Chemist: 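My questions will all concern the structure given below.
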Amino acid sequence: EGLSQVEIIDRLKAHGLQLYNQKLTKIFKNPFYCGILVHRSLNGEVVEGKHPKLISKATFLRVNNLQEKNAQGY
């Protein structure tokens, strides 16, 4: 929908979930939600998970590309 993080946080707050910019950014940067597993115990290997994907890889990359353009990283 092209919402800013502030707008997303406000919508979540209306549903009873309190998040801050830093936490939302951390969630957005976690590849777990698009079906990918990364962990230091995997020695740098990226593994396709067997869990359900909550978002597409394209959405994950789009959000992260938008965040990189922000000087604050949010």
Side-chain angles (χ1 to χ4, degrees):
E1 294 181 29
L3 301 173
S4 70
Q5 281 201 199
V6 172
E7 292 168 317
I8 293 169
I9 289 169
D10 287 343
R11 282 192 182 185
L12 292 171
K13 191 175 191 178
H15 291 282
L17 182 61
Q18 178 71 39
L19 288 178
Y20 298 97
N21 269 333
Q22 295 87 346
K23 181 66 175 177
L24 192 57
T25 297
K26 188 175 180 179
I27 291 169
F28 285 153
K29 290 185 178 200
N30 189 340
F32 175 85
Y33 299 108
C34 70
I36 297 173
L37 300 174
V38 235
H39 192 272
R40 69 185 119 167
S41 67
L42 296 172
N43 298 319
E45 186 179 350
V46 176
V47 177
E48 191 76 30
K50 295 181 181 179
H51 59 286
K53 299 172 186 172
L54 299 178
I55 61 169
S56 69
K57 287 181 188 174
T59 300
F60 175 79
L61 293 172
R62 183 172 161 232
V63 168
N64 279 274
N65 286 335
L66 287 171
Q67 285 185 325
E68 284 180 8
K69 292 178 184 177
N70 185 331
Q72 297 168 336
Y74 303 135

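Here the structure is a predicted model, which means the values were calculated and not measured.
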Chemist: Do side-chain atoms of His51 reach the backbone of Leu37 as a donor and acceptor pair under 3.5 angstrom?
Modeler: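 No, the answer is negative, given that no donor and acceptor are paired below the 3.5 Å cut-off.
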Chemist: Would you kindly confirm whether Leu17 and Val6 end up in one hydrophobic cluster when ILVMFWY residues are joined by side chain heavy atoms under 4.5 Å apart?
Modeler: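 The answer is no; the residues belong to distinct hydrophobic clusters.
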Chemist: Does Tyr33 share a hydrophobic cluster with Leu66, counting links as ILVMFWY side-chain heavy atoms below 4.5 Å and allowing steps through other members?
Modeler: no
Chemist: Taking it one step at a time, do Gln18 and Lys23 satisfy side chain to side chain contact (heavy atoms under 4.5 Å, CB included)?
Modeler: CA-CA 10 Å; Gln18 178 71 39; Lys23 181 66 175 177; over 6 Å; no
Chemist: Could you walk me through whether Val47 and His39 pass the side chain to side chain contact (heavy atoms under 4.5 Å, CB included) test, one step at a time?
Modeler: CA-CA 9 Å; Val47 177; His39 192 272; over 6 Å; no
Chemist: Do Ile36 and Leu42 share a hydrophobic cluster, counting only Ile, Leu, Val, Met, Phe, Trp and Tyr and linking them when any side-chain heavy atoms are less than 4.5 Å apart?
Modeler: no
Chemist: Taking all non-hydrogen atoms of both residues into account, name the closest pair between Val38 and Pro31 and its distance.
Modeler: CG2-CG, 3.2 Å
Chemist: Would you say Ile9 and Tyr20 are hydrophobically clustered, going by side-chain heavy atoms of ILVMFWY under 4.5 Å?
Modeler: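 Shared cluster, no.
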Chemist: Would you say that Leu19 contacts Ile27 through its side chain, given a criterion of any heavy-atom pair below 4.5 Å between the two side chains?
Modeler: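 Yes, at least one pair of side-chain atoms sits under 4.5 Å.
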Chemist: What distance separates Glu48 CD from Lys50 NZ, expressed to the nearest 0.5 Å?
Modeler: 11.5 Å
Chemist: Locate the shortest heavy-atom distance separating Cys34 from Ser56; write the atom from each residue and the value.
Modeler: CB-O, 3.9 Å
Chemist: Considering non-hydrogen atoms only, spot the tightest contact between Ile8 and Phe28 and give its length.
Modeler: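 Of all heavy-atom pairs spanning Ile8 and Phe28, the closest is CD1-CZ, 3.9 Å.
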Chemist: Does Val46 share a hydrophobic cluster with Leu54, counting links as ILVMFWY side-chain heavy atoms below 4.5 Å and allowing steps through other members?
Modeler: no
Chemist: If you round to the nearest 0.5 Å, how far is CG of Asn64 from CZ of Arg62?
Modeler: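 If I round to the nearest 0.5 Å, the distance is 12.0 Å.
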